[in-house]
Trainee: 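For reference, the structure I am asking about is given below.
Starting from 1, each residue takes its place in the sequence as its number.
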Amino acid sequence: MLADLLVGFAAGLLIATLTAPVGVSGAVFVLPVQLSVLGVPNPAVTSTNLLYNVIATPGALLRYRRDGLLLTPLTRLLVAGTLPGVVLGALVRVYLLPGPDTFRVVAGLVLLALGGWLVGRTMRPPRALRPLGPRAIVVLALGVGLVGGVYGIGGGSLLSPVLVGSGMTLAAVAPAALASTFLTSLVGAASFTVLATVAPGPVAPDWPVGIACGLGGLVGGYLGARLQPHLPERGLRVLLGVLAAVVGALYLAQGVS
């Protein structure tokens, strides 16, 4: 068990160090480690990954709070959508997608989409979209919260590219998306904990693994932020994109076989 915790901490540390400089949630990559390396069962792997987010994000949140960038209208709109979305996603995960094969298909699709976005954004400049209104932002956040509840991510890595592409500044989007990620993960992990009292099978988070990965992510996120000026962001984006696509394709093949 101690070896698993050390692996979880090391994985969270390494992944967050590499993903923080490119603005991608480390939770997207931590889940495959929990599922395939640490053997966290379905559907508990989703709630365990949400627990990772809860522990790994407060450091950056405190920095944004000191700068007065957290409690903004955009934050409130995102939270209004992601919170009900993640609760609905938790219900879908437990009652409709509890099996490992179906979940591997979902995980494969999420990873392929993220990998394609990372590589595409690196190879060509993003096209500007039409500005999103408040209602569209809430609907977008609801959908992202649903995906987050099923896969086990807060959704910041999905929200940020769309919002920035619609014309919003990264300075405005980053703290709002991070705050949404934290609150969504907190509510999502709590939802799975409650569902564990009435649903069959392993539903509640694997607390030791989630905490170990989260502590590694907390340290790695800080290191990644400090190392950002010295790391080749373009190369990191391509590397992470290709890695996400390969793992996603592998999960898809396993899920449909």
Trainee: Please tell me if the side chains of Thr46 and Phe103 come closer than 4.5 Å, counting only heavy atoms from C-beta onward.
Mentor: yes
Trainee: Do Leu78 and Val139 share a hydrophobic cluster, counting only Ile, Leu, Val, Met, Phe, Trp and Tyr and linking them when any side-chain heavy atoms are less than 4.5 Å apart?
Mentor: no
Trainee: Please find the pair of heavy atoms, one from Gly217 and one from Ala56, that lie closest to each other, and give the distance.
Mentor: C-CB, 3.9 Å
Trainee: Closest approach of Val28 and Tyr151, non-hydrogen atoms and distance?
Mentor: O-OH, 2.9 Å
Trainee: Count I, L, V, M, F, W, Y as connected when their side-chain heavy atoms are under 4.5 Å apart, and connections chain through other members. Are Phe192 and Val92 then in the same cluster?
Mentor: no
Trainee: Working to the nearest 0.5 Å, report the span between CZ of Phe29 and CG of Leu240.
Mentor: 4.5 Å
Trainee: Do Leu132 and Leu163 have side chains that get closer than 4.5 Å, going by heavy atoms?
Mentor: yes
Trainee: At what distance, to the nearest 0.5 angstrom, does SG of Cys213 lie from CD1 of Ile15?
Mentor: 8.0 Å
Trainee: Are Thr75 and Thr72 linked by a side-chain donor-acceptor pair shorter than 3.5 Å?
Mentor: yes
Trainee: Measuring from atom OG of Ser191 to atom CG of Leu91, what distance do you get when rounded to the nearest 0.5 angstrom?
Mentor: 7.5 Å
Trainee: Please identify which of these residues, Asp206, Leu35, Leu50, Leu38, meets the side-chain contact (heavy atoms from CB on, under 4.5 Å) condition with Val45.
Mentor: Leu35
Trainee: Would Phe9 and Leu223 show up in the same hydrophobic cluster when neighbours are defined by side-chain heavy atoms closer than 4.5 Å?
Mentor: yes
Trainee: Report yes if the side chains of Leu142 and Pro84 come closer than 4.5 Å at any heavy-atom pair, otherwise no.
Mentor: yes
Trainee: As an exercise, state the distance from CG of Leu183 to OG1 of Thr57, rounded to the nearest 0.5 Å.
Mentor: 8.5 Å
Trainee: What's the verdict on side chain to side chain contact (heavy atoms under 4.5 Å, CB included) for Leu252 and Leu112, showing C-alpha distance, side-chain angles and the deciding distance?
Mentor: CA-CA 9 Å; Leu252 272 179; Leu112 280 173; 3.1 Å; yes
Trainee: Does any non-hydrogen side-chain atom of Phe182 lie less than 4.5 Å from one of Asn53?
Mentor: no
Trainee: Asn42 and Arg93: side-chain donor and acceptor closer than 3.5 Å?
Mentor: yes
Trainee: Roughly how far, to the nearest 0.5 Å, is CG of Asn49 from CD of Gln34?
Mentor: 4.5 Å
Trainee: Give me the atom names and distance for the closest heavy-atom approach of Leu51 to Pro205.
Mentor: CD2-CB, 4.1 Å
Trainee: Hydrophobic clustering (ILVMFWY, side-chain heavy atoms < 4.5 Å, transitive) - are Leu243 and Val37 grouped together?
Mentor: yes
Trainee: For the OH atom of Tyr52 and the CG atom of Leu218, what is their distance to the nearest 0.5 Å?
Mentor: 9.0 Å
Trainee: For Ser36, give me all partners under side-chain hydrogen bond (donor to acceptor under 3.5 Å, both in side chains), at least two apart in sequence or on another chain.
Mentor: Tyr251
Trainee: What heavy-atom pair brings Val94 and Ala199 nearest, and what distance separates the two atoms?
Mentor: CG1-CB, 3.5 Å
Trainee: What closest approach, in Å, do Ala44 and Ala204 show between heavy atoms, and which atom pair accounts for it?
Mentor: CB-O, 3.3 Å
Trainee: Val203 and Pro43: which non-hydrogen atoms are nearest, and at how many Å?
Mentor: CG2-CG, 4.1 Å
Trainee: Less than 4.5 Å apart, any side-chain heavy atom of Val105 and any of Gln254?
Mentor: no
Trainee: Please identify which of these residues, Thr184, Leu195, Val187, meets the side-chain contact (heavy atoms from CB on, under 4.5 Å) condition with Val87.
Mentor: Val187
Trainee: Any side-chain heavy-atom pair from Thr193 and Trp207 closer than 4.5 angstrom?
Mentor: yes
Trainee: Applying the side-chain contact (heavy atoms from CB on, under 4.5 Å) test to Leu159, which of Thr82, Val173, Leu178 qualifies?
Mentor: Thr82
